[in-house]
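Just below is one structure, and these are the notes that go with it.
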Amino acid sequence: MKDTTQRKDWFETVYEIVRQIPKGKVTTYGRIAELIGTRGSARMVGWAMNKAHNQLPKVPAHRVVNRLGVLTGKHHFANPMAMQKALEKEGIKIVKDQIVNFEKHLWQPSEK
DNA sequence: ACCGTGACTGGCA
DNA sequence: ATGCCAGCCACGG
């Protein structure tokens, strides 16, 4: 079924997952990619985030980091510090663009 | 229609 | 231990 109605399914799936991230939690691109079923295409997830900038409702891309817990995409935000600041506002501490206790804040979609 | 790029990841040298 | 390369899928020019 590849009707036009399902065209945006892939991107929308990414957004949907990212929106499911609870406040004060973070996840990785690879993790999301794996949830989608396209494990290995973590790049696409990040790219989807780039496009998510125009998506509604807004996607908490600031809660998505690479597997090292580093804010790799901070430079893609309107303001690079906006990402770090947003995370700190959620209770996440960041040092040198890296999340402290990354695994502790890592969102685990075990419940979904 | 083809090539290059991209907010990643994992493996090999 | 550190660095480089290849794989992955989708979109833009």
Side-chain angles (χ1 to χ4, degrees):
Chain A
M1 304 291 256
K2 44 195 75 164
D3 285 272
T4 52
T5 46
Q6 299 294 322
R7 282 265 305 197
K8 56 193 169 105
D9 185 64
W10 195 90
F11 267 61
E12 202 168 289
T13 303
V14 178
Y15 304 143
E16 193 171 334
I17 293 172
V18 176
R19 283 181 298 192
Q20 287 173 48
I21 303 172
K23 184 177 172 189
K25 293 283 183 175
V26 294
T27 191
T28 69
Y29 301 98
R31 189 84 40 150
I32 295 169
E34 189 175 1
L35 289 175
I36 297 171
T38 54
R39 189 192 177 289
S41 61
R43 298 174 154 191
M44 289 288 68
V45 178
W47 199 3
M49 294 289 92
N50 192 354
K51 196 175 171 195
H53 184 65
N54 267 340
Q55 283 297 313
L56 271 296
K58 194 176 184 297
V59 180
H62 60 274
R63 291 180 188 154
V64 184
V65 294
N66 70 351
R67 85 178 215 52
L68 299 177
V70 180
L71 285 56
T72 52
K74 66 172 186 171
H75 198 277
H76 288 253
F77 282 78
N79 297 309
M81 335 183 224
M83 186 174 184
Q84 180 176 330
K85 189 163 187 177
L87 290 171
E88 289 182 315
K89 187 177 180 182
E90 309 224 335
I92 298 174
K93 190 168 187 174
I94 300 170
V95 176
K96 293 178 178 138
D97 300 336
Q98 187 171 9
I99 298 176
V100 180
N101 299 326
F102 170 58
E103 294 183 30
K104 184 187 277 185
H105 293 295
L106 180 60
W107 174 61
Q108 302 180 102
S110 310
E111 53 188 277
K112 185 74 176 66

Which protein N or O atoms sit under 3.5 Å from an N or O of nucleotides 11-13 of chain B?
none

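Cluster partners of A:Leu87, by chain and number: A:Val26, A:Val65, A:Leu71, A:Phe77, A:Met83, A:Ile92, A:Ile94, A:Ile99, A:Phe102, A:Leu106. The rule joins Ile, Leu, Val, Met, Phe, Trp and Tyr whenever side-chain heavy atoms lie under 4.5 Å apart. Through side-chain heavy atoms spaced under 4.5 Å, either directly or across other Ile, Leu, Val, Met, Phe, Trp or Tyr residues, A:Val100 is tied to A:Val95.
Residues A:Trp107 and A:Thr28 form no side-chain contact, since every pair of their non-hydrogen atoms from C-beta on lies 4.5 Å or further apart.
Annotation: side chain to side chain donor-acceptor pair (under 3.5 Å) contacts of A:Thr27 (sequence neighbours excluded): none. Taking the side chain to side chain contact (heavy atoms under 4.5 Å, CB included) definition, one finds that A:Arg19 meets it with A:Tyr15, A:Glu16, A:Pro57, A:Pro60, sequence neighbours left out. Residues satisfying the side chain to side chain donor-acceptor pair (under 3.5 Å) test with A:Thr38, not counting sequence neighbours, are A:Ser41. For A:Asn79, the side chain to side chain contact (heavy atoms under 4.5 Å, CB included) test picks out A:Ala82, with sequence neighbours left out. Remark: A:Asp97 pairs with A:Lys74 by the side chain to side chain donor-acceptor pair (under 3.5 Å) rule, at least two apart or across chains.
Looking at residues 78-87 of chain A, you'll see that no heavy atom sits under 4.0 Å from any atom of DNA chain B. Contacts between residues 57-72 of chain A and DNA chain B, defined by a heavy-atom separation below 4.0 Å, involve A:Ala61, A:Asn66, A:Arg67, A:Thr72, listed by number.
Across A:Ala48 and A:Val14, no two heavy atoms sit closer than the pair CB-CG1, 3.9 Å. For the residue pair A:Val45 and A:Trp10, the shortest heavy atom distance occurs at N-CH2, 3.9 Å. Here the shortest heavy-atom pairing between A:Met49 and A:Tyr29 reads CG-CE2, 4.4 Å.
The distance between atom CD1 of A:Ile36 and atom P of B:dT9, rounded to the nearest whole Å, is 13 Å.
In this structure, the nucleotide among C:dC9, B:dG10, B:dA7 sitting nearest to the side chain of A:His76 is B:dA7. You'll find that the side chain of A:Met49 is closest to B:dA7, out of C:dC11, C:dC9, B:dA7.
Counting only residues at least two apart or in different chains, side-chain hydrogen bond (donor to acceptor under 3.5 Å, both in side chains) contacts with residues 44-69 of chain A comprise A:Arg63-A:Glu90.
Both key distances under 3.5 Å define a Watson-Crick or G-U pair, and stretches of 3 or more such consecutive pairs in DNA chain C run B:2-6 with C:9-13, B:8-13 with C:2-7.
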